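Quick note: residue numbers are just sequence positions, from 1. Read the numbers this way: they start at 1 and go in the same order the structure lists the ligands and their atoms. None of these values were measured; they are calculated from a predicted model.
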Amino acid sequence: MNIKRVCGLACVAVVVAACGREGAEDRSADVAAATPAELRAHSALFERVVLQPAPGVYVAVGFGLANSIMIEGDDGIIIVDTMESRTAAREVLAAFRAITDKPVVAIVLTHNHADHVFGGEVFAEGRDVPVYAHASTGVAIDRVVNVVGEAIYDRSMRMFGVALSPDERVNAGIGLELRYQPQDVALRRPTHVFEDELELDIAGVRLTLVHAPGETDDQLFVWLPERGVLLPGDNIYETFPNLYTIRGTPYRDVTRWVDSLDRMRDLAPDVLVPQHTRPVVGAGEVDALLTAYRDAIQYVHDQTVRMANAGLGPDEIAARIALPPHLAEHPWLQEFYGTPAWSARSVFTGYFGWFDGDVAHLEPLAPDERARRLAAAMAAGRPIGEQARAAVADGELAWAIELARWWERAEPDSAEARDVLAQALELRGQAHANPNARHWYLTAAREARGDGAFAPYDPSAASEALMASLPIDNFMHAMGTRLKAEETLDVDEAVAFEFTDLGRVFTVHIRRGVAEVRERDGAEATARVITTSQTWKLIGAHKKNAAAALASGELRIEGGLPRVLRFLGYFDR
Ligand SMILES: [Zn+2]
């Protein structure tokens with residue numbers, strides 16, 4: 001072990017505790033040559049070091065996948081997150097013990113993930129230390145450990161490259177590597193839990209734990225009001241976030257994630273100390289970073305919903321989704337962990353579940369059968385249309401539908417392709433005893449034939465009573481999903497909406513491809529719409545004419561009508 005002092009932009013003082021990492025295997029020239037330089041450069045974030053981003057706040061980076069944070073009080077220390085194993089926790093504790101010998105008087109778990117909870121016993125040092133966590137953290141640990149343990153283990157081993165050589169693995173995006181071993185777990189279960197917010201005073205340190213759903217439902221952040229220090233848990237780190245993780249996860253409600261980041265922004269922290277990657281110092285830097293991060297998440301959510309409402313499925317949305325350039329280039333939003341494409345699929349699945357709406361995917365052949373047919377079709381080397389027709393004639397309808405859908409996609413102008421698809425769908429639907437499936441096949445057949453099967457959704461058809469019952473929050477927040485992002489990449493403009501019947505004001509801020517909707521009278525608004533909530537809902541649903549409402553005085557505009565009209569023109573409806 002060597003100790004050295006380094007000064008970086010982000011830190012007042014730095015203590016480094018670096019241990020030699022064992023024998024890198026023979027470096028494969030091929031692997032090294034093919035590895036992207038930016039991925040190699042990203043490893044610099046995980047150099048093993050203890051940083052002190054604020055007085056009495058220390059963060060151990062590079063000891064395992066996650067960071068562990070020590071907050072020093074008058075007569076004790078608080079540990080926030082405990083690493084993924086006994087071994088990693090011991091190394092962190094030794095580094096902290098080089099700074100202070102005060103006893104550990106509390107442990108905080110920011111969430112249930114293995115890289116944060118499995119070294120608790122080590123930090124407790126054999127004593128009865130309170131462990132603070134959200135009320136749902138214990139249940140979430142049990143689910144991963146027990147219910148789906150085998151599957152999550154296999155998937156995690158692949159995702160974290162546990163079997164790979166260091167050269168192949170390079171880093172794990174949010175840390176150098178996962179140092180988890182099932183036999184090396186030292187869990188201390190939560191003893192003190194809360195639901196929304198918990199104010200604590202421990203060893204003379206005031207801290208607030210705030211439930212902040214995001215990367216997990218049980219996520220919390222730690223706010224040190226006297227020091228202006230925010231520990232955001234895993235809701236932000238220096239890579240595009242894991243809105244979905246390929247190792248498998250229940251749906252992560254990304255709208256709540258955005259809300260959690262907004263709650264952090266409202267605190268105006270001076271220092272941000274995440275549980276992965278490195279701290280950021282400076283109120284301006286932290287605010288700009290939290291804003292960019294929440295915008296990226298909202299963008300993926302809103303534009304995925306917008307494309308789904310336009311009829312696209314997850315494969316199509318994943319192929320199209322791309323962050324606005326200023327976010328795509330942001331150093332904290334590079335795709336080293338999550339990606340916008342995986343995230344878009346997850347948002348789609350969160351709203352619609354596994355069925356993507358493509359009729360060919362409703363009841364496909366079993367994978368092995370499908371593989372045999374695909375191999376045989378390639379070997380036969382005949383045109384896809386010919387094979388699709390033959391499958392219809394043979395009554396091989398699942399296969400026929402799949403081939404005809406590929407044919408239709410490959411040749412969207414082919415009336416013949418659509419006709420064969422329609423035939424296959426009709427035969428499949430007519431013989432189907434399940435009404436849901438039957439109706440879907442037969443309707444899809446009509447659509448393939450171009451017979452407008454049903455009238456498109458018309459928001460103005462909703463009754464005034466239904467509109468009156470719709471909460472204004474829901475109505476305003478849905479605006480984000482209707483933003484024409486592609487037309488607003490250079491727009492930075494806000495309008496306030498004052499609802500006189502409710503005494504409530506919302507500010508809608510279009511910021512380069514994202515519409516942030518907050519209930520507040522934003523100083524940044526350059527125009528103001530004043531009306532009742534029902535009048536605004538009826539205008540939004542095209543049930544009431546805005547010009548008529550202006551003429552009658554039901555609607556008033558401050559700051560210029562043209563400006564407001566241009567602003568509203570940035571939304572689909
Ligand atoms: Zn983590």
Side-chain angles (χ1 to χ4, degrees), residues 42-43 45-46 48 59-70 79-85 87-89 91-92 107-120 123 131-134 136-137 140-141 143-145 152-153 155-157 159-162 169 171-181 184-188 190 209 211-222 230-250 252 254 257 260-261 264 272-279 293 297 332 335-339 342-343:
H42 190 62
S43 295
L45 291 181
F46 313 122
R48 187 175 281 213
V59 54
V61 178
F63 289 73
L65 190 68
N67 300 337
S68 182
I69 296 171
M70 175 174 76
I79 299 294
V80 180
D81 286 351
T82 63
M83 310 302 293
E84 66 265 55
S85 62
T87 304
E91 291 168 11
V92 171
I107 291 171
V108 177
L109 302 177
T110 60
H111 62 294
N112 69 84
H113 282 163
D115 50 327
H116 302 259
V117 304
F118 281 158
F123 289 97
V131 180
Y132 294 90
H134 185 257
S136 61
T137 294
I141 292 172
R143 183 176 59 216
V144 172
V145 167
I152 289 288
Y153 176 83
R155 295 173 66 129
S156 299
M157 293 303 104
M159 170 174 144
F160 287 111
V162 171
R169 192 164 53 232
N171 63 62
I174 52 167
L176 193 63
E177 60 179 340
L178 177 69
R179 302 178 68 200
Y180 163 80
Q181 296 285 340
D184 196 24
V185 163
L187 173 69
R188 260 288 166 112
L209 310 185
H211 183 214
E215 206 213 47
T216 57
D217 286 347
D218 67 328
Q219 197 85 205
L220 62 80
F221 69 73
V222 181
L230 175 74
L231 281 46
D234 273 8
N235 279 341
I236 180 166
Y237 34 61
E238 194 173 338
T239 158
F240 187 87
N242 242 7
L243 304 188
Y244 173 78
T245 179
I246 60 173
R247 69 176 181 272
T249 175
R252 299 174 170 181
V254 302
W257 195 329
S260 293
L261 288 164
M264 297 181 203
L272 181 82
V273 192
Q275 300 296 148
H276 293 277
T277 69
R278 295 182 168 222
Y293 216 73
I297 297 174
W332 279 59
E335 298 180 24
F336 294 121
Y337 202 47
T339 80
W342 298 342
S343 304

> Looking at residues at least two apart in the chain, or sitting in another chain, which of them share a side-chain hydrogen bond (donor to acceptor under 3.5 Å, both in side chains) with N235?
Replying inline: none

> Distance only, no hydrogens: is a donor on one side chain within 3.5 Å (strictly under) of an acceptor on the other, for H111 and D217?
Replying inline: no

> Between F63 and R48, is there a cation-pi geometry (under 6.0 Å to ring centre, at most 45° from the normal)?
Replying inline: yes

>> I'd like to know if the Zn ion (ligand 1) has an N/O/S atom from H116 within less than 2.8 Å of it, counting both backbone and side-chain atoms.
In response: yes

>> Under 2.8 Å from the Zn ion (ligand 1), can any N, O or S atom of H111 be found?
In response: no

>> Please report, to 10°, the angle around the Zn ion (ligand 1) from atom OD2 (D234) across to atom OD2 (D115).
In response: 170°

>> Under a 4.0 Å threshold between the charged nitrogen and the carboxylate oxygen, would E238 count as salt-bridged to R278?
In response: no

>> Among the N, O or S atoms of H276, which one sits nearest to the Zn ion (ligand 1)?
In response: NE2

